[in-house]
Amino acid sequence: MADDTSSAVEPTVYPPSAESTARSVTPATVYDDARSDRLGYWAEQARKLHWDAPFESVLDWSRAPFAKWFADGSINVSYNCLDRHVIAGNGDRVALHWEGEPGDSRSITYAELTAEVKRAANLLTALGVRQGDRVAIYLPLIPEAVVAMLAVARIGAVHSVVFGGFSAESLRARIDDAEAKLVITADGGYRKGRISSLKPAVDAALEGSAGTVEHVLVVHRAWDDGAELAWEHGRDLWWHDEMAQVDADHEARAFEAENPLFILYTSGTTGKPKGILHTSGGYLTQASTTHRQVFDLHPESDVYWCTADIGWITGHSYVVYGPLANGATQVIYEGTPDTPHPGRWWELIQKYGVTIFYTAPTAIRSFMKAGREIPESFDLSSLRILGSVGEPINPEAWRWYRQVIGADTTPIVDTWWQTETGGIMISPLPGITATKPGAAQTPIPGITAAVVDDSGTPLEEGAGLLAITEPWPGMLRGIWGDPDRFVETYWSKFADVEGGPWYFAGDGARLDGDGDIWLLGRVDDVMNVSGHRLSTAEIESSLVDHRWVAEAAVVGASDETTGQAVVAFVIVKKRHRQTATEEGVDELRHHVASQIGAIARPRNIYIVDELPKTRSGKIMRRLLRDLAEGREVGDTTTLADTTVMQVISDSVGGD
Ligand code: WT7
């Protein structure tokens, strides 16, 4: 690393300061309270929300793994994030300080946000969207994205947000799988100093889609005046025109707690993304509780900033639902961290006086590389708590984050969770936990986890698999349209343990002598690139789809900045060998980026003559990973042809 902060002796544990303990919103007794009556504890958290009909039943696990939380209660998620705060007298509090990449900005109060969402709810209703209907949202990080999500939630419909960096094809697959009725998009957004268009991708996606989409609502954000914006009359509508025509008033009606709230697609071990389904009451309970506890939120004084895009679960739980349910004031930023200058994020922290900052290790590592002079030239003294999410944070990056960004005083919360868990599961609590660089440490109150061996036996200490041993309120309720895959993927591995089924997270973990959990990365064929989940199978099928390619194998190789990087090994069809060699691998890299999205673009593609396979034909990715990471290749005895690794490594070496 260019910016080495390690001195001779670094503490291994950072106890909470007296000050952070004194101001903590959560008393240290919370762990014992939750342990002595776990369901009572969650019921108490849930009652901090507004319920139109209170619940009696906390958890129904009789049809495990299909859970119901607070099933006989009814609630409106959007009301809890908006009207409730206005009614409590906090209408003038800023909900969103939005900053566009070019430097335009808007501060929106709770009263204003509520008013916009009411209109948008009326608009959706006018367009025929009803309870249970699916709405795809494909937007940049602009206030309308938040408005759209809350409006869908308000009328009991289901949103499926698709990250704006995904390709038209990925968008189409998601629209079709969910049978979306409406798409909400923008003409474009700003990224890296340029306009990045979105509406053309929607047009391309809808061409050849299954045809469930009736309307496309288009927010006017950014359009290159020189280009023509295609418009399908009758189908395409401008957001601002339609919003101006609907009623300003809208009364939120309550829905049952298990009413679906959203579907969010994530990569699994096969080529087909999984539509992770979340519902209302339990999800909102966990999102708001964890947001309050893990970030020690004082809504009247804190300025919170989570840098995630709304296209990911972090954006759902910790930009939209958690913070807004808690009445927080937050910053949202449309663009990239280094546009127009490498200190943009630190400038925003200074500008808005951000007190709580939540980002990903990959970002921290790239700032480390750029050097501490950049953050040091801004006033970051407002910061009080720093968070990390998305992948393991290496102790070196953890210490840099605390020392350079946090003035060596801020607690760091390393939060482990997943799209499937809905909210944070394992994390220190500021003011309570003595933190350890590199460890997510302990399950939050009300959550139970274990590190187990392959048969599900809990370990006292050492490395194994992470299991969640009791259902939790924010848990996924299923995979959209595929209950068998839901059971198989998450609940079959530890189905027969005593007290099971337990949830299999897909992560390796180590339990240390103090009982703290260290996450070790995925144990399946899922990669983690810059904190984003990618499937090896999905990228392989994209490569094989290219006319040159006969076979492909993809692995996640460790990368200093992005955690892991996509590395592909490709066998080219004989008749295309010449072209493939001449035109290089750029064409293939581009093909993957345009089919899936830029985040999936392989860092390296090696053209090889063979792939390492077992006698049953299974590709041994472990060996390819050894090669991609420059290690000595491991045990090859189960290969059908043991000489093949030598052949591959010769061709890789000659790349
Ligand atoms: C996977 C889930 C949680 C929102 C962002 C990613 C990895 C996540 C941590 C952490 C170590 C982590 C795991 C997990 N992961 N947070 N603090 N320490 N690993 O959500 O795309 O669903 O990915 O991200 O491997 O399984 P996701």
Quick check on the 6.0 Å ring-centre criterion: do W417 and Y318 meet it?
yes
How are the rings of F486 and F66 set relative to one another: parallel (under 30°), tilted (30 to 60°) or perpendicular (over 60°)?
tilted
Indicate the atoms forming the closest heavy-atom contact of P200 with D187, along with that distance.
CD-O, 4.3 Å
Between T314 and Y358, does the side-chain hydrogen bond (donor to acceptor under 3.5 Å, both in side chains) criterion hold? Intermediate values first, please.
CA-CA 10 Å; T314 311; Y358 190 29; 5.6 Å; no
So which atom in R172 and which in G208 form the shortest heavy-atom distance, rounded to 0.1 Å?
CD-O, 3.7 Å
Atom pair CG/CZ of D33 and R38 - distance to nearest 0.5 Å
14.5 Å
How about H50 and N80: does a side-chain donor come under 3.5 Å of a side-chain acceptor?
no
Nearest heavy atoms of R130 and T125, plus distance in Å
NH1-O, 3.1 Å
d(F255 CZ, S280 OG) to nearest 0.5 Å is 8.5 Å
Of all heavy-atom pairs between I596 and F166, which one has the smallest distance, and what is that distance?
O-CD2, 3.1 Å
Using the side chain to side chain contact (heavy atoms under 4.5 Å, CB included) definition, which of the options I263, L264, T266, L476 pairs with K274?
T266
Under 4.0 Å between a Lys/Arg side-chain N and an Asp/Glu carboxylate O for D52 and R253?
no
Got a second to check how far E242's CD is from L124's CG, nearest 0.5 Å?
11.0 Å
Would you check if Y41 and V30 make a side-chain contact, meaning some heavy-atom pair closer than 4.5 Å?
yes
Please tell me whether W61 and W491 form a close aromatic pair, meaning their ring centres lie under 6.0 Å apart.
yes
How long is the straight-line distance from CZ of F504 back to CG of D524, given to the nearest 0.5 Å?
6.0 Å
Run the salt bridge (Lys or Arg N to Asp or Glu O under 4.0 Å) check on R533 and E420 step by step: do they pass?
CA-CA 12 Å; R533 240 157 98 171; E420 291 87 341; 2.8 Å; yes
Evaluate whether atom NZ of K618 has more than 12 neighbouring non-hydrogen atoms of other residues, nucleotides or ligands under 6.0 angstrom away.
no
About how many Å separate CG of L59 and CG of L39, when rounded to the nearest 0.5 Å?
5.5 Å
When you check the side-chain N and O atoms of T562 and T362, is any donor under 3.5 Å from an acceptor?
no
Can W69 and D60 be counted as having a side-chain donor-acceptor contact under 3.5 angstrom?
no
Kindly confirm or rule out a cation-pi arrangement of R84 over Y79, judged by NZ or CZ under 6.0 Å from the six-membered ring centre and within 45° of its axis?
no
Can you check whether L150 reaches L82 side chain to side chain, under 4.5 Å on heavy atoms?
yes
Is it true that atom CD of E488 has more than 12 heavy atoms of other residues, nucleotides or ligands lying nearer than 6.0 Å?
no
Salt bridge check: are R134 and D177 linked by an N-O gap of less than 4.0 Å?
no
Flag side-chain contact, heavy atom, 4.5 Å: D545 against L543
no
Pair D507, R522 - check salt bridge (Lys or Arg N to Asp or Glu O under 4.0 Å), show working.
CA-CA 4 Å; D507 277 36; R522 303 288 306 189; 3.4 Å; yes
For D414 and Q441, which I'm curious about, is there any donor-acceptor pair between the side chains at under 3.5 Å?
no
Just checking, is any N or O donor in the side chain of T285 or Q45 under 3.5 Å from an acceptor N or O on the other one?
no
Step-by-step side-chain hydrogen bond (donor to acceptor under 3.5 Å, both in side chains) determination, Y265 to S170:
CA-CA 10 Å; Y265 287 84; S170 299; over 6 Å; no
Just how far is it from atom CG of L237 to atom CD of E214, taken to the nearest 0.5 Å?
11.5 Å
Looking at D453, I'd like to know if its CG atom is crowded, meaning that more than 12 non-hydrogen atoms belonging to other residues, nucleotides or ligands lie closer than 6.0 Å.
yes
Is the closest side-chain donor-acceptor distance between T307 and T359 under 3.5 Å?
yes
Are the aromatic ring centres of Y321 and H316 under 6.0 angstrom apart?
no
Stepwise, does the ring-ring contact (aromatic ring centres under 6.0 Å, His included) test hold for F70 with W51?
CA-CA 10 Å; F70 315 119; W51 293 81; 5.7 Å; yes
Can you see whether Y503 engages T421 through a side-chain donor-acceptor pair at a distance of less than 3.5 angstrom?
no
For atom NZ of K68, is the number of surrounding heavy atoms from other residues, nucleotides or ligands below 6.0 Å larger than 12?
no
Tell me the closest heavy-atom pair linking A180 and T212, and the distance in Å.
O-OG1, 2.7 Å
E258 vs T279, test: side-chain hydrogen bond (donor to acceptor under 3.5 Å, both in side chains). Steps then yes/no.
CA-CA 5 Å; E258 286 295 341; T279 60; 2.7 Å; yes
Cut-off 3.5 Å, side chains only: do H250 and R119 have a donor facing an acceptor?
no
